[in-house]
A.B. asks: 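Please read through the structure below; I'll follow up with questions.
Nothing here was measured: the structure is a model prediction, and the numbers come from that model. Residue numbers begin at 1 in each chain, while the letters A, B, ... track the order of the sequences.
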There are 2 protein chains.
Amino acid sequence: MPTINDVARAAGVSPSTVSYVLSGRRPISAETRARVQAAIAELGFHPHAGARALASSKTNVLALVAPLRVDVNVPVIMQFATAVVTAARAHNHDVLLLTKDEGTAGLERVAHSTMVDALILMDIERDDVRLPAIRRLKQPSVLIGLPADHAGIACVDLDFEAAAGAALRHLAGHGHRRIGLIGPSPAVYRRQTTYADRFLAGFLQASADLGIRTATHPCEPGVEGVRAALADLDTELPGLSALVVHNEEALRPLLDLLHAAGRRVPEDISVVAICPRDVATSMPVDLTSIDIPAHEVGTLAVETAMRLLDGRRVEFTRLLEPGLVERGSCREIAPSHR
Amino acid sequence: MPTINDVARAAGVSPSTVSYVLSGRRPISAETRARVQAAIAELGFHPHAGARALASSKTNVLALVAPLRVDVNVPVIMQFATAVVTAARAHNHDVLLLTKDEGTAGLERVAHSTMVDALILMDIERDDVRLPAIRRLKQPSVLIGLPADHAGIACVDLDFEAAAGAALRHLAGHGHRRIGLIGPSPAVYRRQTTYADRFLAGFLQASADLGIRTATHPCEPGVEGVRAALADLDTELPGLSALVVHNEEALRPLLDLLHAAGRRVPEDISVVAICPRDVATSMPVDLTSIDIPAHEVGTLAVETAMRLLDGRRVEFTRLLEPGLVERGSCREIAPSHR
DNA sequence: TTGAAAGCGTTACCAG
DNA sequence: CTGGTAACGCTTTCAA
């Protein structure tokens with residue numbers, strides 16, 4: 001492998017000049033630049049990442065900490081990851097993939113050994129144990145999620161509270177007065193994953209504000225979990241006319257169950273889902289939904305990291321406005337029937 | 001951040017001694033080791049990855065090239081990735097995540113700039129355009145898949161030919177004589193993704209060997225694609241009594257369609273799926289299936305890379321034996337009805 | 001507009 | 001069993 005010195009020699013310039021041609025950090029005459037670039041091309045020179053990192057204290061690598069268990073929301077995780085890698089490449093960075101399993105130790109390992117310039121973390125819990133460590137790192141972090149104490153940490157996510165409000169207002173606007181929430185699995189609540197908490201809080205708040213009767217239920221994975229959740233909601237809230245579903249995995253079994261029970265969507269029961277667009281449109285019934293904008297969130301997280309890295313100002317809390325798309329899974333209840 | 005020199009000074013030894021304590025590459029007296037380790041702990045020393053890479057020409061990083069489009073098999077991709085990261089960590093390596101979009105250029109970028117010690121590639125095509133580049137890299141690669149010309153390249157995968165044979169033999173053994181194959185999407189065949197080709201080849205071969213009448217059909221995503229594929233199979237092969245499904249996404253709509261048409265599984269039609277275990281067991285009917293052992297394959301890929309890195313012998317082609325698990329979605333046809 | 005040279009923090013060889 | 005000291009390949013200040 002040729003080094004910068006080989007290139008310099010071939011082009012008849014000093015190594016520093018080659019470096020400056022590469023980085024553009026100082027003006028180079030057109031002629032010199034051409035000679036250097038020719039030499040680079042001819043020799044097939046590629047700067048050594050380690051040497052660069054050592055000399056410049058920049059790795060051009062971002063850490064992405066993803067929950068790689070199988071228990072949750074695989075497609076959404078994947079969409080985040082895709083967005084992060086793509087955005088990182090657009091900023092000339094690569095992505096080191098860590099699993100959440102490694103916990104605090106993993107973060108500290110890659111940060112302390114200077115493998116990465118910044119970290120992006122997903123699946124943040126309300127009182128995430130990694131927060132203190134994150135605050136101590138010399139590298140900046142960007143969280144996808146919003147923990148309880150997020151002072152001084154950059155956070156990016158969908159505004160799940162607002163999303164819950166939007167879902168409920170949509171249904172209330174259609175005349176629904178008894179609405180059930182099918183939430184994520186108890187395990188997700190137990191972990192106090194922040195999107196679950198925030199959605200629930202927004203749901204209860206909007207329910208109070210709008211004077212709507214609601215009931216809420218987490219939902220175990222699998223058909224039986226959905227059946228149980230639905231049964232409980234029906235019991236707690238007789239006359240239930242609409243469901244908000246904040247649980248991607250539950251959607252399909254739910255629709256199957258409703259179908260099997262002869263409850264038509266939307267004629268007999270309305271449904272609003274919170275899920276990625278493609279999930280909403282791949283169900284037996286196209287679902288009115290609030291999109292989880294994984295791509296936007298991932299991209300924004302990377303952009304925030306980049307701003308942090310070059311010392312630009314950032315908004316520390318960026319909650320994206322939810323967008324509700326009507327697809328006909330909600331019916332209008334006539335005023336006389338409300 | 002303290003450096004190795006700080007540690008050396010604190011422990012009253014030379015930097016090389018600290019290095020040797022860390023690497024264990026030469027004997028150190030218990031006493032010295034203890035002093036050094038105390039100093040390391042006290043100062044919170046972590047070796048600088050870039051400096052290490054520069055001096056040792058080892059990065060302890062593996063590249064994982066994954067197809068991050070949404071068009072295929074997200075959960076399986078995710079399982080591979082999880083397995084690779086976990087196995088890599090067990091060997092003290094980290095994982096740099098690349099997208100297949102970057103193509104040959106991406107591989108060359110990370111390899112030439114010495115960001116990684118080895119590469120693991122998924123979603124390999126029959127005549128994968130990246131192969132020539134891979135052969136030229138100084139870092140070894142491990143493919144998850146089996147391209148046409150794989151001489152001298154380490155390849156790891158499920159033996160999809162054998163899997164097709166196993167599926168067909170299972171059904172033939174139950175007395176089925178007219179069997180349809182629902183394959184991956186035309187796009188997958190068009191790319192000549194090797195698992196699709198190999199499965200189809202094995203299917204046709206076994207069909208001939210067993211003297212079974214078969215028909216095969218790729219399957220567009222979505223309910224309509226499945227409906228079309230099924231209709232075509234029914235037409236081409238009247239009296240069809242069993243289906244082999246090598247298409248994870250098609251499974252659910254297929255079962256729905258069969259149900260809607262009043263064709264019971266397994267009473268009226270038998271089904272064998274090729275998919276991850278958890279997919280097979282999360283369907284309305286538990287499916288007899290051949291597992292896609294993503295975890296084993298990912299782990300094996302990493303282990304192969306490790307062997308390659310430290311110059312141990314490897315088998316260049318490792319095709320894992322398929323395992324068929326009966327779950328009752330295949331019925332026995334009485335000899336009189338065959 | 002360019003060059004020279006001092007680091008950056010390790011490793012690993014050469015000595016002892 | 002331990003120390004000294006060249007590399008490793010690049011960036012960046014200081015000078016010209």
Side-chain angles (χ1 to χ4, degrees), chain A residues 1-37 39-40 43-61 92 109-117 138 310, chain B residues 1-37 39-40 43-61 92 109-117 138 310:
Chain A
M1 299 255 91
T3 72
I4 200 170
N5 289 294
D6 300 326
V7 174
R9 207 170 309 125
V13 300
S14 76
S16 55
T17 298
V18 178
S19 176
Y20 285 118
V21 167
L22 252 23
S23 69
R25 298 173 83 78
R26 84 179 182 189
I28 302 279
S29 72
E31 190 211 353
T32 305
R33 186 203 321 287
R35 276 218 315 288
V36 169
Q37 278 165 342
I40 289 176
L43 299 181
F45 166 71
H46 295 265
H48 187 290
R52 249 186 173 171
L54 183 55
S56 68
S57 323
K58 281 183 196 320
T59 63
N60 277 42
V61 175
N92 195 31
R109 185 172 56 76
V110 299
H112 289 153
S113 61
T114 326
M115 299 185 75
V116 302
D117 294 336
K138 66 169 191 284
D310 39 52
Chain B
M1 298 252 93
T3 74
I4 200 171
N5 289 294
D6 300 326
V7 174
R9 206 169 308 125
V13 300
S14 76
S16 55
T17 298
V18 178
S19 176
Y20 286 118
V21 166
L22 252 23
S23 69
R25 298 172 82 78
R26 85 180 183 188
I28 301 280
S29 73
E31 191 211 351
T32 305
R33 187 204 319 288
R35 275 219 315 289
V36 169
Q37 279 165 343
I40 288 176
L43 298 181
F45 166 72
H46 295 263
H48 186 290
R52 249 185 172 170
L54 182 56
S56 68
S57 325
K58 279 183 196 321
T59 62
N60 277 40
V61 175
N92 195 29
R109 184 171 56 76
V110 299
H112 289 153
S113 61
T114 325
M115 298 185 76
V116 302
D117 294 336
K138 65 170 192 283
D310 41 52

A.B. asks: Rounded to the Å, how far apart are B:Phe45 CZ and C:dG9 P?
C.D. replies: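 My rounded result for the distance is 10 Å.
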A.B. asks: What parts of residues 15-24 of chain A reach DNA chain D, counting only heavy atoms under 4.0 Å away?
C.D. replies: A:Ser16, A:Ser19, A:Tyr20
A.B. asks: Measure the distance from NZ on B:Lys58 to C1' on C:dA12 and round it to the nearest whole Å.
C.D. replies: 12 Å
A.B. asks: Specify the closest pair of heavy atoms between B:Val13 and B:Val18, including all atoms of both residues, with the distance to one decimal.
C.D. replies: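 Scanning both residues, the minimum pair turns out to be CG2-CG2, 3.8 Å.
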A.B. asks: Of all residues at least two apart in sequence or in a different chain, which pass the side chain to side chain contact (heavy atoms under 4.5 Å, CB included) check with A:Asn5?
C.D. replies: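 For A:Asn5 the side chain to side chain contact (heavy atoms under 4.5 Å, CB included) partners, ignoring immediate neighbours, are A:Thr3, A:Arg9, A:Pro15.
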A.B. asks: Under 4.5 Å between any side-chain heavy atoms of B:His112 and A:Met1, yes or no?
C.D. replies: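 SC-SC contact between B:His112 and A:Met1 confirmed.
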A.B. asks: Hey, is the main chain of A:Ile28 close enough, under 3.5 Å, to the side chain of A:Arg33 for a donor-acceptor pair?
C.D. replies: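 Yes, because the side chain of A:Arg33 sits within donor-acceptor range (under 3.5 Å) of the backbone of A:Ile28.
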A.B. asks: With heavy-atom distances below 4.5 Å as the criterion, would you say the side chains of A:Leu22 and A:Phe45 are in contact?
C.D. replies: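 Side-chain contact under 4.5 Å: yes.
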A.B. asks: Between B:Arg35 and B:Gly12, what is the shortest heavy-atom contact and its length?
C.D. replies: NH2-O, 3.9 Å
A.B. asks: Per the end-axis method with five pairs at each terminus, what is the bend angle of the helix from C:dT1-D:dA16 to C:dG16-D:dC1, to 10°?
C.D. replies: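 Between the first-five-pair axis and the last-five-pair axis there is 30°.
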A.B. asks: For the pair made of CD1 in B:Ile40 and C1' in C:dG9, what is the distance, rounded to whole Å?
C.D. replies: 14 Å
A.B. asks: Taking only side-chain N and O atoms of B:Arg25, does any of them lie within less than 4.0 angstrom of OP1 or OP2 on C:dT11?
C.D. replies: no
A.B. asks: Base, sugar-phosphate, or nothing for B:Thr32, non-hydrogen atoms under 4.0 angstrom?
C.D. replies: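 The answer is sugar-phosphate, as B:Thr32 gets under 4.0 Å only of primed atoms, P, OP1 or OP2.
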A.B. asks: My understanding is that only residues two or more places apart in sequence, or in another chain, count here; which of them pass side-chain hydrogen bond (donor to acceptor under 3.5 Å, both in side chains) with A:Thr17?
C.D. replies: A:Ser14
A.B. asks: Answer yes or no: does atom CZ of B:Arg26 have more than 12 heavy-atom neighbours from other residues, nucleotides or ligands under 6.0 Å?
C.D. replies: yes
A.B. asks: Do A:Val61 and A:Met115 have side-chain heavy atoms sitting under 4.5 Å apart?
C.D. replies: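 Side chain of A:Val61 against side chain of A:Met115, heavy atoms only: no contact under 4.5 Å found.
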A.B. asks: Residues in side-chain hydrogen bond (donor to acceptor under 3.5 Å, both in side chains) with B:Asn60, at least two apart?
C.D. replies: none
A.B. asks: For residues B:Gly50 and A:Ala53, report the shortest heavy-atom separation together with the two atoms involved.
C.D. replies: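 Residues B:Gly50 and A:Ala53, closest heavy atoms: CA-CB, 4.5 Å.
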A.B. asks: Return the nearest nucleotide to the side chain of B:Arg26; candidates are C:dG3, C:dC13, C:dT10.
C.D. replies: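 The listed nucleotide nearest to B:Arg26's side chain is C:dC13.
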A.B. asks: Mind calculating the distance between CD1 (A:Ile4) and P (C:dA4) to the nearest angstrom?
C.D. replies: 14 Å
A.B. asks: Give the first and the last nucleotide of DNA chain D, reading 5' to 3', that has any atom under 4.0 Å from a heavy atom of chain A.
C.D. replies: D:dG9 to D:dC14
A.B. asks: Identify which nucleotide among C:dT11, C:dT2, C:dG9 has an atom closest to any side-chain atom of B:Leu54, counting heavy atoms from C-beta outward.
C.D. replies: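 Comparing C:dT11, C:dT2, C:dG9 against the side chain of B:Leu54, the answer is C:dG9.
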